[in-house]
4 protein chains.
Amino acid sequence: MASKIIIGVMGPGEGATPEQNELAYDMGRAIAAEGWAVLTGGRAFGVMDAAMKGAKEKDGLTIGILPLNNEKGSSPYADIKIVTGIGASRNQINILTSNVIVVIGMSSGTASEVSLAIKADKRIILLQQDELTSQFFHKVGSHRVVETETIEQTLDYIKKFLAVNR
Amino acid sequence: MASKIIIGVMGPGEGATPEQNELAYDMGRAIAAEGWAVLTGGRAFGVMDAAMKGAKEKDGLTIGILPLNNEKGSSPYADIKIVTGIGASRNQINILTSNVIVVIGMSSGTASEVSLAIKADKRIILLQQDELTSQFFHKVGSHRVVETETIEQTLDYIKKFLAVNR
Amino acid sequence: MASKIIIGVMGPGEGATPEQNELAYDMGRAIAAEGWAVLTGGRAFGVMDAAMKGAKEKDGLTIGILPLNNEKGSSPYADIKIVTGIGASRNQINILTSNVIVVIGMSSGTASEVSLAIKADKRIILLQQDELTSQFFHKVGSHRVVETETIEQTLDYIKKFLAVNR
Amino acid sequence: MASKIIIGVMGPGEGATPEQNELAYDMGRAIAAEGWAVLTGGRAFGVMDAAMKGAKEKDGLTIGILPLNNEKGSSPYADIKIVTGIGASRNQINILTSNVIVVIGMSSGTASEVSLAIKADKRIILLQQDELTSQFFHKVGSHRVVETETIEQTLDYIKKFLAVNR
């Protein structure tokens, strides 16, 4: 029996731009359409919320890894709410649980997730990131980090990775 | 949109008796038949494994909260494997994420979960537990702890609890 | 270079009785007089606070492992405040970091610590505990759990354990 | 009674260069000479090990926050070994427990610590970092991040910060 393939979508909460939220929404839809689950930090804001909203529109399964010790502030689009109670230490769980990580937008929390993903030897897709971010994470993470510009490129990369590693 | 109702089934891994595994299997089936998800510590042993195996036979959704930083030793019956990397500290996540906790058999890990559940003000059902265990957890947890002898009594209690608290 | 020997003193916070606090205070003094550090859950209440207060009167070193993501509610008698931000999951850190654990009074949090200590194969001293508590933890923890009635017996046990295991 | 002032020194383990280790050693000495404790990730490698070695030569207090559930691979220069068992999730504890964080060298683990420190609204000193690293963390962390080139500048900044915030 195969467990669910889980794609993490990481990005800012309150600080996300409308464009990043729209991109996250489209990414969530596309992931769900492939039959994969969407995992986020689970809060009712920004990239997390938008990616799970998109996934739900395609009847996808959504998993929110919540920082608090209750469901306060969690996204209504999370089917499964993992209540960790360990604050930002839960970022490591986001990473370890995801087969591949897609990064939309940037914030300190997001940067910690990309860094932890590199350390855990995960594959990280920087979707529409700026040059500075891309250069920094390539320096720290080398081949574990790739850049994409579109949803389609991102799906292609995930499929190739899963074909080899799953 | 309502998130999934999650029932935690806690009990020994390697040290579980055949009777406890059978009871856990039946409990997992019964939980899945109600449409609820089964959550366990996710390992391929004992009560955890049996409860999720039972749930899968009724097409239930199963969630395993894994202690290691990879999937080694995890149950093949876990649909969603949350890879925590935090060892026994993940017992607190098992508790916080479950709406109600059913306890089958006893071990040090299980005792820590019952204790943490009491501290988190959760409701804990001691299913077919001995007198000593029951007395001890009543002393520590008072009204948060109830005893049941059958799967049916356990389901009844969960339904009454959810009717009021959900 | 030898790292510090650390003795954990575990027990209720707000729910501790005056007698338990007094015993914890005396225990903290006695541990410090041996040159060992006292580790507790670090809060400004009950057994935690009293044990560290006692230790400070003998110029001992005190370590508080705090549950919140800041120092709020922490004991003024903690020299070193480890700010974990992981809530009750920090109970596991209390246990793993202590060479030996002394338990005074009982609560759900304390019961989780004794249980986790058994699971981690630590040695646990139940100081002036009642019969029910003693019986339950012997059932779960067998030889890892011992009972003592006095500070002196407790020190003797710790010394014998450290002589063999350190 | 005042708890100990704790300065975190963060940097690569095995991947540290000889120059970074030397700088960490000098930084550890300088921190200890001020009477502050040095906190690191506690492993027997690189910047962590060197900073604590330096501190011990000035009779400083050293705290290692260990990732594993035992002391394996920990630095002999750590006086107090906090055994967390939570892997890279302990990076958040490193940050929350430090009054100020000094960063020497860069790696994925270190980048996660800087990011988490920004998120926790801590002050981070980038000591002798390259332009790319500096620019990236300024973008993510704005005023929380400062650059220094020497041990003296670093001490000055810490003193000014503590004068206002302690």
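Just so it is clear: chains get the letters A, B, ... in the order the sequence lines come, proteins before strands, and each one is counted from 1. Please read these numbers as outputs of a predicted model, since none were measured by experiment. For the numbers below, each heavy atom of this structure counts, side chains included, while hydrogens, waters and symmetry mates do not.
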Task: Atom group of C:Ile5 that falls short of 4.5 Å from chain D, counting heavy atoms - done: neither
Task: Approximate separation, where rounding is to 0.5 Å, of C:Asn69 CG and D:Gln92 CD - done: 7.5 Å
Open item on the list: Between D:Leu66 and chain C, with a heavy-atom cut-off of 4.5 Å, which part of the residue counts as in contact: side chain, backbone, both or neither?
Closed with: neither
TODO: Report yes if the side chains of C:Ile93 and D:Val83 come closer than 4.5 Å at any heavy-atom pair, otherwise no.
DONE: no
TODO: Might you point out which heavy atoms bring D:Ala78 and C:Ser3 nearest each other, and give the distance in Å?
DONE: O-CB, 3.4 Å
Task: For chain D, which residues of residues 94-111 of chain C have heavy atoms nearer than 4.5 angstrom - done: C:Leu96, C:Thr97
TODO: Find the one option among C:Ile65, C:Ile82, C:Ile6, C:Ile86 whose heavy-atom pairs under 4.5 Å with chain D are most numerous.
DONE: C:Ile82
Open item on the list: So for atom NZ, which belongs to C:Lys119, do other residues, nucleotides or ligands contribute more than 12 heavy atoms lying within a distance under 6.0 Å?
Closed with: no
Task: C:Asp79 side, atom CG; D:Lys4 side, atom NZ - distance, nearest 0.5 Å - done: 8.5 Å
Open item on the list: With a 6.0 Å cut-off (strictly less than), is the heavy-atom count around NZ of D:Lys58, excluding the residue itself, greater than 12?
Closed with: no
Open item on the list: For C:Gln135, I'd like to know if atom CD has over 12 heavy atoms of other residues, nucleotides or ligands within 6.0 Å.
Closed with: yes
Open item on the list: For C:Gln153, I'd like to know if atom CD has over 12 heavy atoms of other residues, nucleotides or ligands within 6.0 Å.
Closed with: yes
TODO: Using a cut-off of 6.0 Å, state whether more than 12 heavy atoms not belonging to D:Lys53 lie near its atom NZ.
DONE: no
